[in-house]
Trainee: 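Below: one structure in structure tokens.
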Amino acid sequence: TKLGLELLQNWARENEAGISDKSFDDLRVDYTRLFVGIKKVLAPLWESVYFNQDRMVFQEQTLQVRAWYRRFGLEPEKLYKEPDDHIGLELLFLVHLAKLGLQAVEENDQAGFEKYLQAQRDFLSEHLLRWGPAWAKLVRQHASTDFYRGLAHLVHGTLLAVAELLEVEVPKEKMN
């Protein structure tokens with residue numbers, strides 16, 4: 001997490017007067033290489049890609065994540081057009097559960113707090129911790145800008161810190 005913040009701060013300092021055309025082009029090229037791909041997507045943004053040989057989206061994990069969102073009153077804006085299991089959406093969902101937990105605490109609702117705390121643990125365990133670290137590792141390996149390297153370190157460190165805070169076991173990385 002610390003390295004991620006340092007990389008992002010360095011990038012921000014380099015661009016504090018505004019993003020130059022070169023910096024913007026570097027980001028665009030890096031984004032395309034990492035997340036869109038020319039021949040192969042280097043760091044797919046969707047959970048389902050990490051769990052099937054054909055690297056396809058809209059698979060079982062997408063439906064599982066969609067069910068989680070619905071269970072807590074959410075529905076993605078681009079339902080059926082873009083996969084629900086995007087790393088950004090999954091991270092935002094974890095934030096949503098934390099907010100619901102805080103609201104329960106403010107309302108002296110211990111049962112509600114426990115429900116949302118357990119939901120965070122379960123979602124981390126069943127989803128984000130199973131593929132988020134692999135995503136971050138791919139981004140760190142392939143990114144050519146400090147912005148995306150920093151983002152990857154920050155996401156990975158945050159997932160590990162939240163797992164530790166919530167006492168969720170982090171799955172061991174599989175060796176290829």
Trainee: With side chain to side chain contact (heavy atoms under 4.5 Å, CB included) as the test, would you mind laying out the steps for Leu128 and Leu91 before giving the verdict?
Mentor: CA-CA 8 Å; Leu128 275 168; Leu91 290 167; 4.0 Å; yes
Trainee: Rounded to the nearest 0.5 Å, how far does CG of Leu89 lie from CG of Leu94?
Mentor: 12.5 Å
Trainee: Taking atom CD of Glu6 as the centre, report whether more than 12 heavy atoms of other residues, nucleotides or ligands fall under 6.0 Å from it.
Mentor: yes
Trainee: Does a side-chain heavy-atom distance below 4.5 Å link Glu164 with Leu160?
Mentor: no
Trainee: Taking the inter-plane angle between the rings of Trp46 and His86 on a 0 to 90° scale, is it parallel (under 30°), tilted (30 to 60°) or perpendicular (over 60°)?
Mentor: perpendicular
Trainee: Establish, from distance only, whether the side-chain atoms of His127 and Glu90 form a donor-acceptor pair under 3.5 Å.
Mentor: no
Trainee: List the steps and the verdict of side chain to side chain contact (heavy atoms under 4.5 Å, CB included) for Leu159 and His156.
Mentor: CA-CA 5 Å; Leu159 286 174; His156 186 241; 5.7 Å; no
Trainee: Just by distance, do the side chain of Asp30 and the backbone of Thr145 share a donor-acceptor pair under 3.5 Å?
Mentor: yes
Trainee: State whether the side chain of Arg33 and the backbone N or O of His142 hold a donor-acceptor pair below 3.5 Å, judged by distance alone.
Mentor: yes
Trainee: Starting from the C-alpha separation in whole Å, work towards a yes-or-no answer on side chain to side chain donor-acceptor pair (under 3.5 Å) for Glu114 and Gln110.
Mentor: CA-CA 6 Å; Glu114 292 295 332; Gln110 185 64 31; 2.9 Å; yes
Trainee: Pick from Leu165, Leu166, Val170: which one makes a side-chain contact (heavy atoms from CB on, under 4.5 Å) with Val168?
Mentor: Leu166
Trainee: Side-chain heavy atoms under 4.5 angstrom apart, residues restricted to Ile, Leu, Val, Met, Phe, Trp, Tyr: same cluster for Leu92 and Val65?
Mentor: no
Trainee: Would you say Leu102 ends up clustered with Val162 if hydrophobic residues are merged whenever their side chains have heavy atoms under 4.5 Å apart, either directly or through other cluster members?
Mentor: no
Trainee: Specify whether Trp135 and Phe35 have parallel, tilted or perpendicular ring planes, treating 30° as the upper limit for parallel and 60° as the lower limit for perpendicular.
Mentor: parallel
Trainee: Any ion pair linking Asp146 and Arg149 (charged N to carboxylate O, less than 4.0 Å)?
Mentor: yes
Trainee: Other residues, nucleotides and ligands only: do more than 12 of their heavy atoms fall within 6.0 Å of CZ on Phe72?
Mentor: yes
Trainee: To the nearest 0.5 Å, how far apart are CG in Leu27 and CD1 in Ile19?
Mentor: 6.0 Å
Trainee: Under 4.5 Å between any side-chain heavy atoms of Trp68 and Asp84, yes or no?
Mentor: no
Trainee: What distance do Glu167 atom CD and Leu124 atom CG have between them, rounded to the nearest 0.5 Å?
Mentor: 13.0 Å
Trainee: Within the side chain of Tyr116, is there an N or O that forms a donor-acceptor pair under 3.5 Å with the backbone of Lys99?
Mentor: no
Trainee: Do Leu151 and Tyr148 have side-chain heavy atoms sitting under 4.5 Å apart?
Mentor: yes
Trainee: Consider only side-chain heavy atoms of I, L, V, M, F, W and Y, link residues closer than 4.5 Å, and tell whether Val36 and Leu45 are in one cluster.
Mentor: yes
Trainee: Mind checking the CD1-OH spacing from Ile87 to Tyr50? Nearest 0.5 Å is all I need.
Mentor: 7.5 Å
Trainee: Please go through Leu3's hydrophobic cluster and name the other residues, only I, L, V, M, F, W, Y counting, with side-chain heavy atoms under 4.5 Å joining them.
Mentor: Leu7
Trainee: So, taking the atom named CD in Glu14 and the one named CZ in Phe147, what distance separates them when rounded to the nearest 0.5 Å?
Mentor: 13.0 Å
Trainee: If I take atom CD from residue Glu60 and atom CD from residue Glu47, how far apart are they, to the nearest 0.5 angstrom?
Mentor: 10.0 Å
Trainee: Name the orientation class of the two ring planes belonging to Tyr69 and Phe123 (parallel below 30°, tilted from 30 to 60°, perpendicular beyond 60°).
Mentor: tilted
Trainee: Just to verify, what does Lys39 make a salt bridge (Lys or Arg N to Asp or Glu O under 4.0 Å) with, not counting sequence neighbours?
Mentor: none
